[in-house]
Structure formats: C-alpha cells, structure tokens
Amino acid sequence: MRFPKTFSAFALLIGLSQAAGAQTCTPKVPASSLIEAPKWQMSINPTLPPQQFVDDKGELQGLNVELAREIAKRICVEAVFLRMDFPPMIPALRSGRFDAINTGLFWTEERSKMLYLVPYAQQAISIYTDPSSSLKLEKFEDLAGRVVGVESATYTERKAREFSTAMEAKGLKPVELRTFTTVTATSAALRAGQLEAALNINETANSLEQKGIAKIWVRDIAGTDITFAFRDKLLAQAVADALTAIRVDGTYDKLFDKFGMTKLKATTFVIRGDGPTN
C-alpha cells in the first residue's frame, strides 16, 4: 500500500518517546501484542489543542499525551508517540506499522469492525467563524451554500457531508466543503477570507476562541465517543483496564479537568464493538 508523504516520513518519524519509568514491573500485555515490546507505539496528530498539540519548545502536550503516559505506567510499557497526519493512520495501524491510534478517533460502527476501539471521552462538533466576520449562525442549515473548512478524513468531515446531503434533499443548497490536513491550515484559510466558516471539535474550537482567532456560533453537534484504537485485542483490554483504575483513583478526573475535556459517564472502560472479523 502506498501512503502519502506524511506517512513516508514514518521511517524518520520525529517520535517523542516517554519511558514509563524504570522497567521494574512486569508488562501487563504479552510481547506478541506489541510491534516492539516493551514499547507501546501510537500515532498522534498534535494539531488539536487541548487534546494534543506541540508547545513552544516543540514538546508534545495535551490530554491524550498525559493520559497515554499514565496508562503506560499502569501497564508497564514505554509510551512512544509517532507524529503523523490523520488520513493514513487507520490503514497504517491495520497493516501493523504501530500499535495504536491516539488522536481522539471518533467511534463509528464501521470503525468498530475494523479495529478494537476503547472509548475514553466524549466530543462533538462546533461551527465557528473569524471574529471579524459579520456572518451569524444558529444551526448547521445556516451553512447552506457557504464555503466551510474542515479537516480531511475525519468524523467531522463525514458528518458535515451527511448533513449537507440531507439539506440538499430538503431543497437547500449544499455546503461547499474545503478540506485541510490540520486545524492550523484551516484557521489560516479562515483568516485569509478563503472560508466563510469552519468546523472542528468543541474543545479545539474553544481553544481557538480563547486565543481570539475564532468566534463559535454553534456547539455540541453530533456528539459521540472518542476512542483509542488498537490492532490487538489484548493490548486494547489492558488499556481499558488501566483507564478503569485511573478513573477509580481520581487521576482521570484530574486530567480531564486540567484540559477542559468532556468525560465519559461510565466508570468502567471497555472495548466497544466486536473488532476485526479477520
């Protein structure tokens, strides 16, 4: 399978690894469940603050980063983050290039049959504009006929296209969606006047608004679970068990409060869906 340039850099990935402390405990997953035991290698797209991002020093930060490091300590493996764009992640994971996707992958029925998905948070979609825009929006249908930016190959893009098709069926103009690989590129196009509005997850839109570079008009569209995704069931189950322990001792709540992310109501974490059938 041929991957885009973003993935061709995989061999030279600027992966930041965080050792899970001295390996004085026994890993809770067999070596056969990992590509390179005792490393837990996961892809991450650090362009979605406060979920995952790079700080001024070039270091990975965010809820997904700290949560993964905490899980790694609990299952006694080394968390290794592989930076890459989102589009090639699912095919790369399925072909065994790394162990997991840690980028807030939205749960869908289709994905639950391709991968082992462990929900750990809730997310939904927001609509926003440049703060200087005179556009006023109250609902998704107000985007009919407008030029709107969205990150490519994401749940947000998928839902936007579904909504646009439904609007067209009702006699409204479809949304003219323009796709970008990162929220930074989307924001640049919005500031340049190339877009009338943009879509992203609530928390990222909130972050943009706090920085004064976006105005949110509509929140909480099409909310659903976000997940860690795995190619191996035993690793997925070990992570689910670790999340349950993290919830019980209060670490989960502290991390989610720190980053302003939306918690799952469940206190026990599990694999949701049957996983791969072949």
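Since we're looking at a predicted model, the values are computed, not measured. Just so you know, these numbers use all the heavy atoms, side chains as well, and skip hydrogens, waters and symmetry mates. Sequential numbering from 1 along the given sequence is applied to the chain's residues.
The number of heavy-atom neighbours closer than 6.0 Å to NZ of Lys136, taken from other residues, nucleotides and ligands shown, is 12 or below. Surrounding NZ of Lys263 are more than 12 heavy atoms belonging to other residues, nucleotides or ligands, all under 6.0 Å away.
The side-chain heavy atoms of Arg158 and Thr108, taken from C-beta on, include a pair separated by under 4.5 Å. Between Leu82 and Ile44 there is no side-chain heavy-atom pair separated by less than 4.5 Å. Between Thr47 and Phe53 the shortest side-chain heavy-atom distance does not fall below 4.5 Å. Taking 4.5 Å as the limit, every side-chain heavy atom of Pro38 sits out of range of all side-chain heavy atoms of Cys76. The side-chain heavy atoms of Gln123 and Asn202, taken from C-beta on, include no pair separated by under 4.5 Å. Contact check for Arg69 versus Phe81: side-chain heavy atoms found under the 4.5 Å cut-off. Using a 4.5 Å cut-off on side-chain heavy atoms (C-beta onward), Tyr252 and Leu264 make contact. By the 4.5 Å heavy-atom criterion applied to side chains, Leu93 and Leu115 are counted as neighbours.
Linking Ile, Leu, Val, Met, Phe, Trp and Tyr whenever their side-chain heavy atoms come within less than 4.5 Å leaves Ile226 and Leu48 in two separate clusters. Under the 4.5 Å side-chain heavy-atom criterion for ILVMFWY residues, no single connected hydrophobic cluster contains both Leu234 and Met114. Using a 4.5 Å cut-off between side-chain heavy atoms of Ile, Leu, Val, Met, Phe, Trp and Tyr, with links allowed through other members, Val218 and Leu190 fall into different hydrophobic clusters. Taking hydrophobic clusters as Ile, Leu, Val, Met, Phe, Trp and Tyr residues chained together by side-chain heavy-atom distances below 4.5 Å, Leu177 shares a cluster with Phe163. In the hydrophobic clustering of ILVMFWY residues, with side-chain heavy atoms under 4.5 Å counting as a link, Ile127 and Met167 come out together.
No side-chain donor-acceptor contact under 3.5 Å links Gln52 and Asn45. For Gln41 and Asp99, the side-chain atoms include no donor-acceptor pair closer than 3.5 Å. Thr262 and Glu203 form a side-chain donor-acceptor contact under 3.5 Å, judged by distance and modelled atom types alone.
In this structure, the side chain of Thr154 does not engage the main chain of Val150 through any donor-acceptor pair within 3.5 Å. In this structure a side-chain-to-backbone donor-acceptor pair under 3.5 Å is present from Thr204 to Pro49. Of the possible donor and acceptor atoms, one in the side chain of Asn102 sits under 3.5 Å from a partner among the backbone N and O of Asn64. Of the possible donor and acceptor atoms, none in the side chain of Arg231 sits under 3.5 Å from a partner among the backbone N and O of Tyr116. Checking side-chain atoms of Ser133 against main-chain N and O of Asp130 turns up no donor-acceptor pair under 3.5 Å. Side-chain atoms of Lys39 do not come within 3.5 Å of backbone N or O of Ala79 as any donor-acceptor pair.
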Problem set entry | Verdict with reasoning, Gln237 to Asp241, per side chain to side chain donor-acceptor pair (under 3.5 Å) | CA-CA 6 Å; Gln237 187 59 57; Asp241 293 343; 2.9 Å; yes

Exercise. Could you go step by step and tell me if Thr267 and Thr244 meet the side chain to side chain contact (heavy atoms under 4.5 Å, CB included) rule?
Worked result: CA-CA 6 Å; Thr267 55; Thr244 298; over 6 Å; no

For this session: Starting from the C-alpha separation in whole Å, work towards a yes-or-no answer on side chain to side chain contact (heavy atoms under 4.5 Å, CB included) for Arg178 and Val147.
Result: CA-CA 7 Å; Arg178 294 186 182 175; Val147 182; 3.3 Å; yes

For this session: Assess whether side chain to side chain donor-acceptor pair (under 3.5 Å) is satisfied between Gln122 and Asp225, documenting all intermediate values.
Result: CA-CA 5 Å; Gln122 271 272 320; Asp225 292 350; 2.6 Å; yes

Exercise. Under the side chain to side chain contact (heavy atoms under 4.5 Å, CB included) criterion, do Leu172 and Glu141 qualify, and how do the steps go?
Worked result: CA-CA 8 Å; Leu172 297 172; Glu141 286 78 5; 4.0 Å; yes

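Here Glu209 pairs with Arg219 in a salt bridge; the nearest charged N to carboxylate O distance falls below 4.0 Å. With salt bridges taken as basic N to acidic carboxylate O contacts below 4.0 Å, none links Asp253 and Lys258. Between Lys254 and Asp257 there is no salt bridge, since none of the side-chain N atoms of the basic residue sits less than 4.0 Å from a carboxylate O of the acidic one. One finds a salt bridge joining Lys73 and Glu70 here, because a Lys/Arg side-chain nitrogen approaches an Asp/Glu carboxylate oxygen to under 4.0 Å. With respect to the salt-bridge test (charged N to carboxylate O, under 4.0 angstrom), the residues Lys113 and Asp274 do not qualify.
Rounding to the nearest 0.5 angstrom, the gap separating the OG1 atom in Thr156 from the CD1 atom in Ile125 is 4.0 Å. Here Leu243 contributes atom CG and Arg74 contributes atom CZ; the two are 9.5 Å apart, rounded to the nearest 0.5 Å. For the atom pair CG (Leu143) and OG (Ser164), the distance works out to 9.0 Å, reported to the nearest 0.5 Å. Going from atom NZ of Lys159 over to atom CG of Leu199 covers 13.0 Å, rounded to the nearest 0.5 Å. To the nearest 0.5 Å, the span separating OG1 on Thr251 from CD1 on Ile71 amounts to 11.0 Å. In this structure, CE in Met89 is found 4.0 Å from OG in Ser43, a value given to the nearest 0.5 Å.
Results of the side-chain contact (heavy atoms from CB on, under 4.5 Å) test with Leu117 over Ile271, Ile101, Thr227, Val270 single out Thr227 as the only residue that passes. Here the options are Glu109, Glu110, Arg111, the test is side-chain contact (heavy atoms from CB on, under 4.5 Å), and the partner is Trp107; only Glu109 passes. Paired with Glu151 under the rule side-chain hydrogen bond (donor to acceptor under 3.5 Å, both in side chains), one option of Asn200, Thr186, Thr181 passes, and it is Asn200.
Checked against the 6.0 Å centroid criterion, the rings of Phe106 and Tyr155 qualify as a close aromatic pair. Outside the 6.0 Å centre-distance limit, the rings of Phe228 and Phe269 are not counted as a close aromatic pair.
Nearest heavy atoms, Glu196 versus Thr129: O-CG2, 3.6 Å. Contact record, Pro174 with Glu168: CB-OE1, 3.8 Å, taken as the closest heavy-atom pair. Residue Met261 comes nearest to Pro50 through the heavy atom pair SD-CG, 4.2 Å, listed as atom of the first residue, atom of the second, then distance. The shortest non-hydrogen separation linking Phe98 to Ala92 is CE2-CB, 3.6 Å. Minimum heavy-atom separation, Pro131 to Ala214: CG-N, 3.5 Å. The two residues Asp220 and Ser126 come nearest to each other via the heavy atoms N-OG, 4.5 Å.
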